[in-house]
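One structure is given here, and the rest of the page talks about it.
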Amino acid sequence: MSKEVITNANDGSIVNLTSMRISSLDDEEYEEYDDEDDDDDEEFEDEAPVSLGFVEKPKHEWSLLRHLFPSKAGGTPAWLNPVNLPSGKACLCDICGEPLRFLLQAYAPIVDDPLVDTESTFHRTLFVFMCTSMSCLLQDQHEQWKHHPEKGSRSVKAFRSQLPHHNQFYSSEPPKNDGSDKPLGTAAPLCSWCGTWKGDKVCSNCKRARYCSKTHQAIHWSSTHKTQCRTIDLMLQPSNSAPTNSSDDIPKAASSATWPEYEIINEDEPELDPGTSNVGAYGNALRNDNEDEGDAKSWAYFTQRIARAPEQVLRYSRHEKPLWPMLSGRPSKTDIPKCSSCGSDRAFEFQILPQLLYYFDVKNESNSLDWATIAVYTCEASCDGSLAYEEEFCWVQLTSQSN
């Protein structure tokens, strides 16, 4: 891995992209494939409108509550459907078996699309989770190249949840955003350690702390709950009352199971300055002996686009194409599995950039978590399936295939 410094072509200044965490591609060979387009040059000529996501600290404590339909990164998810959460193996890394960590969520309702029943997508949020182990991410990347990627073992997972305008969880009136808004009904109790997944396991002693897994129960017990457990029982459990199932009154542990929390703010991508250097000029400056012409050209175009707004962490452009850092490691159409619920094709919706790792304080070390881009593909019809959270598909592009 390396820290990259890119010239901002708009004003000639130097932009220090410590957060880019991009390094040269190793010499591992890839099998031949047909990319999404027959002519790769087209992506350097046509620019579809892109909405960029930037992170900033929330202005208020209530800014990221679920009934305000936030887009956010880090912390815990603001579940759209607060009751019927993903469960079982869906919450776990398929490689190491540990609970996945919340990465980010994007609020993306669909109001006008002939392929979509927009009655069911008035509220729509996409959630992304991942394992924090780089070795699992490397294995995840290898799994993508199997002939049946939908059956592969994954360490990065995305879920789609959507609701109609009138539903049991939220008012049909738009929120006031003044701190007075309240959701309808109650939410499922969450894990007392990670605050992310449903807490369907209960501490046998205090009957109040809840957990998503034995792993998080053991970590919580050894860190703080061992000393808190009896205190909680004495403070909150009157001798003549029955135990409750709510975890709302449990003191939260100082959990290291989440990344720093941010709100995601959207802005349109700036247009290219007419005086900006062309792709070829960037390619000459950035090429090295380990890159072929295709990778050099792709990386040059990638850095040119990113340099317009270096702090972006997310690029949203539904039904368009991702901005790939490299030509190698891109998926073909057959690599993207169809929707497991309705059988429709999946289409690209947004991608997550490695700048996010900088804001999460992930160190730039040899075994640190790192990626070139994570592209999220969702059901083209955004079907209203049988599950409250339909699992979608993530394609991971790494800059290096070995650490």
Side-chain angles (χ1 to χ4, degrees), residues 50-86 102-113 116-129 157-190 195-198 248 258-268 312-318 349-352 356 359 376 378-379 381-385 387-392:
V50 178
S51 178
L52 305 181
F54 302 87
V55 295
E56 63 179 39
K57 285 297 183 180
K59 295 179 180 179
H60 308 284
E61 290 184 0
W62 44 262
S63 296
L64 301 180
L65 296 177
R66 62 180 175 86
H67 50 280
L68 299 180
F69 313 108
S71 292
K72 64 187 296 285
T76 59
W79 293 110
L80 183 63
N81 182 321
V83 175
N84 303 305
L85 308 186
F102 173 65
L103 187 66
L104 60 75
Q105 66 186 73
Y107 182 65
I110 300 175
V111 296
D112 184 17
D113 188 324
V116 176
D117 176 12
T118 55
E119 289 292 326
S120 66
T121 59
F122 185 87
H123 295 300
R124 180 174 177 270
T125 304
L126 304 168
F127 300 81
V128 182
F129 302 83
K157 297 181 181 180
F159 298 91
R160 170 177 52 87
S161 182
Q162 56 197 49
L163 294 169
H165 187 185
H166 298 277
N167 61 80
Q168 61 181 310
F169 304 119
Y170 306 104
S171 170
S172 59
E173 297 296 322
K176 299 183 180 67
N177 288 299
D178 59 2
S180 66
D181 300 297
K182 301 293 182 182
L184 304 178
T186 59
L190 301 175
T196 297
W197 304 108
K198 191 172 184 177
D248 294 339
T258 61
W259 279 304
E261 186 175 53
Y262 296 92
E263 184 173 6
I264 297 178
I265 305 300
N266 297 325
E267 296 180 11
D268 292 337
Q312 60 186 280
V313 300
L314 183 146
R315 297 177 62 86
Y316 185 95
S317 188
R318 188 167 179 264
E349 186 151 353
F350 68 94
Q351 67 189 104
I352 305 167
L356 186 59
Y359 295 100
V376 179
T378 61
C379 174
S382 197
C383 66
D384 191 12
L387 299 176
Y389 288 87
E390 294 288 348
E391 187 168 350
E392 298 290 9

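Within the structure, the salt bridge (charged side-chain N to carboxylate O under 4.0 Å, His left out) test picks out the following pairs touching residues 60-82 (sequence neighbours left out): K72-E261.
To the nearest 0.5 Å, atom CG of residue N167 and atom CZ of residue F122 are 9.5 Å apart. Atoms CZ and OG1, on F159 and T378 in that order, are 14.5 Å from each other to the nearest 0.5 Å.
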### Message
One pair to check against side chain to side chain contact (heavy atoms under 4.5 Å, CB included): V313 and Y262. What are the steps and the verdict?
### Response
CA-CA 11 Å; V313 300; Y262 296 92; over 6 Å; no

### Derivation of the side chain to side chain donor-acceptor pair (under 3.5 Å) call for S382 and Q162
CA-CA 9 Å; S382 197; Q162 56 197 49; 2.8 Å; yes

### Residue pair F169, N81: steps toward the side chain to side chain contact (heavy atoms under 4.5 Å, CB included) verdict
CA-CA 7 Å; F169 304 119; N81 182 321; 3.5 Å; yes

### Query
Should R318 and I110 be marked as a side chain to side chain contact (heavy atoms under 4.5 Å, CB included) after you check the CA-CA gap, both sets of side-chain angles, and the distance that decides it?
CA-CA 10 Å; R318 188 167 179 264; I110 300 175; 3.4 Å; yes

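Every salt bridge (charged side-chain N to carboxylate O under 4.0 Å, His left out) that R124 has, sequence neighbours left out, goes to E349. For E392, the side chain to side chain donor-acceptor pair (under 3.5 Å) partners at least two apart in sequence or on another chain are R160, R346.
Taking the six-membered ring for Trp and thresholds of 30 and 60 degrees, H123 and F69 have nearly parallel ring planes, at less than 30 degrees apart. Taking the six-membered ring for Trp and thresholds of 30 and 60 degrees, F350 and Y316 have nearly parallel ring planes, at less than 30 degrees apart.
Here the closest heavy-atom approach between residue I264 and residue G53 is recorded as CG2-CA, 3.8 Å. Scanning both residues, L68 and W62, for their nearest heavy atoms gives CD1-O, 3.0 Å.
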